[in-house]
**Q** 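Below are the structure tokens for one structure; questions will follow.
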Amino acid sequence: MSLELEFADGRDVFATEDMVLNMGPQHPSTHGVLRFIIRADGEVMRSAKADVGYLHRSIEKIAEKVGWHGFMPYTDRVDYVAAMTTNQAWAMAAEVLGGVTVPRRGEYCRVIAAELGRICSHLLAAGAMGMDIGAITPFTHAVRERELINDLLEELCGARLTFNYMRIGGVAWDLPPGFGAKVLRFLDHFEPYVDELDDLLSGNKIYIERLANVAVVSRERAIAYNLVGPNLRASGVKYDIRKHLPYSVYPEFDFEVPIGEGRHGSVGDCWDRYIVRLHEMRQSARILRQAIDGLPEGPVIAKVPRNYKPAAGEVHVHVETPRGDQSWYVVADGTEYPYRVHIRTGSFAAMAMIEELSRGLMIADLVALIASFDIVAPEVDR
Amino acid sequence: MNTAAIQQFLHERFGAAVGPVESARLFDYVEVDPSAVEEVALVLRDHPDLAFDCLNNLSGCDRPTRGRIQITYELFSYVHRHAFVMKVGARRDRPEVRTVERVWPAANWLEREIYDLLGVIFLGHSDLRRLLLPDDWVGYPLRKDYVEAPEYHGISTVRESALKLSERR
């Protein structure tokens, strides 16, 4: 008796067909509304195509309609997890075009607000990273700590998420009385907490097994795909806009730029992207202490006309947001409305790379990959 | 290398396809012919003195008065830590530009975004589909002469001013 290995029509009886799966647009681990179309052979993905645009609010088009000052609250919505840095980028672009100089105290207020926002965002990233691969507890701790920063920022500007704190020429309000002391008290409590989170999560055997050597991005591929911020640094590139293309008063502060070292696997794996963010929180705390120590006296905002009309010209502005180098291209034509605003965000660059990285990855690891890139979907879509 | 030195280097190789150094008030740039952009990009990336390994940003801007859609390539070299801005003017009536997707993979999505919002066709692109807008959207919203359709699948895109509504009440 011979073993039949083919069907009558010639197909191999052992041949399997690829399975097409849909993930999202509503899915707890996609960090916003976004969708993947996954082609998988069993548990292993052949590709995961991202389908974005669900959160497209035409923010760049709105900029052309609402004027220079009026656009500020919309920048909050570009990246609502870290709205301070997006505020700052827009203010910087308008200031460069209009030749406005921000008073030193205003710059310090910006740095304090931006670094608090960075800690906020990285806490959420690190906590959600744990939660997405099954460790619920660290997330609850991270959100608890984030709440304290939200309280501080609420005291600063009245809002807890979409701050609208910065203005062209400075910031809207000076620090409230006793704010510096409150931030220092928070930091005294927060710095030991980062060590606690480190103990709880970083060395956990299951955590390491799920992240080490998963979705490794080499230095060359990271640069070719224009990964930015912590994602780029995790691949071993020491490049931080605050250090290497300095803006605001960052050159006055002493801080380090942590990079991925591949402690548990290869340089540029998911674990490296996580640990870089953890170290960056410590560095932000360092910057905050120095900023509060050295806070100068004086005004917080320059005199800027209500009817702001910068002369015609174009500008590229780079700001280090928690999701990396946010690149703004702003064109002015001498009127009270911007002619064109384009924002290339960190999440956009990371999102574009997922299809290449997904090949040969397990389906469950896609969740780890998205979390390790710290993708915020509205930042992709704008 | 600064923009002037890079322009001179490129001009010697590509002749008239590479324009002179121009100033946009806050930065200098070089205009490149739409058909030559891929070859110029390859030289920019592969020549050891230039080594522009990263396409940092790619933006489009409609300029109806010049009859062009201007595309700005912002390049950065992590090797030499220098930057360079190259511009390409696509004709508004026939907006076609060679893709640089095979030079810098980051261009894949950035070019799709420009196609989506400004309607520039990137010749040779592997997957030129709309990125942010729905596939059946009509028109390119960031063109200056774009007129929004009054409705999309029965959903109205116009809303009466809230001030007028309150007056009526």
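Each chain gets a letter, A, B and so on, in the order its sequence line appears, and its residues count up from 1. The model shown is predicted, which means the values in this text are computed figures rather than measured ones.
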**Q** Verify the distance criterion only: is there a donor paired with an acceptor across the side chains of Y329(A) and E314(A) at less than 3.5 Å?
**A**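 On atom types as modelled, these side chains qualify, holding a pair under 3.5 Å.
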**Q** When the ring planes of Y239(A) and F76(B) are compared, do they come out parallel, tilted or perpendicular, using 30° and 60° as the limits?
**A**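 Geometry flag for F76(B) against Y239(A): tilted rings.
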**Q** Heavy-atom distance under 4.5 Å to chain B: side chain of A312(A), backbone, both or neither?
**A** backbone
**Q** Using a cut-off of under 4.5 Å on heavy-atom pairs, state which of L131(B), L142(B), N56(B), V85(B) scores highest against chain A.
**A** N56(B)
**Q** Would you mind reporting whether L44(B) and F84(B) have side-chain heavy atoms less than 4.5 Å apart?
**A** yes
**Q** Counting only heavy atoms closer than 4.5 Å, note whether A352(A) contacts chain B via side chain, backbone, both or neither.
**A** both
**Q** Taking side chain as everything from C-beta outward and backbone as N, CA, C, O, which of these in K238(A) sits under 4.5 Å from a heavy atom of chain B? Side chain, backbone, both or neither.
**A**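 Backbone of K238(A) only, per the 4.5 Å heavy-atom cut-off to chain B.
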**Q** Side chain, backbone, both or neither: which part of V331(A) has an atom under 4.5 Å from a heavy atom of chain B?
**A**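 It is the side chain, since no backbone atom gets that close.
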**Q** With a 4.5 Å cut-off on heavy-atom pairs, point out which of R221(A), E220(A), H318(A) contacts chain B the most.
**A** H318(A)
**Q** Where on D116(B) is there a heavy atom nearer than 4.5 Å to chain A: the side chain, the backbone, both, or neither?
**A**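 For D116(B), there is no contact with chain A at all, as no heavy atom is under 4.5 Å.
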**Q** Does Y339(A) have K144(B) sitting over its ring (NZ/CZ under 6.0 Å from centre, angle to axis within 45°)?
**A** yes
**Q** Whether K243(A) engages the ring of F255(A) as a cation-pi pair (distance to the six-membered ring centre under 6.0 angstrom, angle to the ring normal within 45°) should be assessed.
**A** yes
**Q** Which atoms of M353(A) are under 4.5 Å from chain B, going by heavy atoms: the side chain, the backbone, both sets, or neither?
**A** neither
**Q** Does any heavy atom of chain A fall under 4.5 Å from the side chain of D127(B), the backbone, both, or neither of them?
**A** side chain
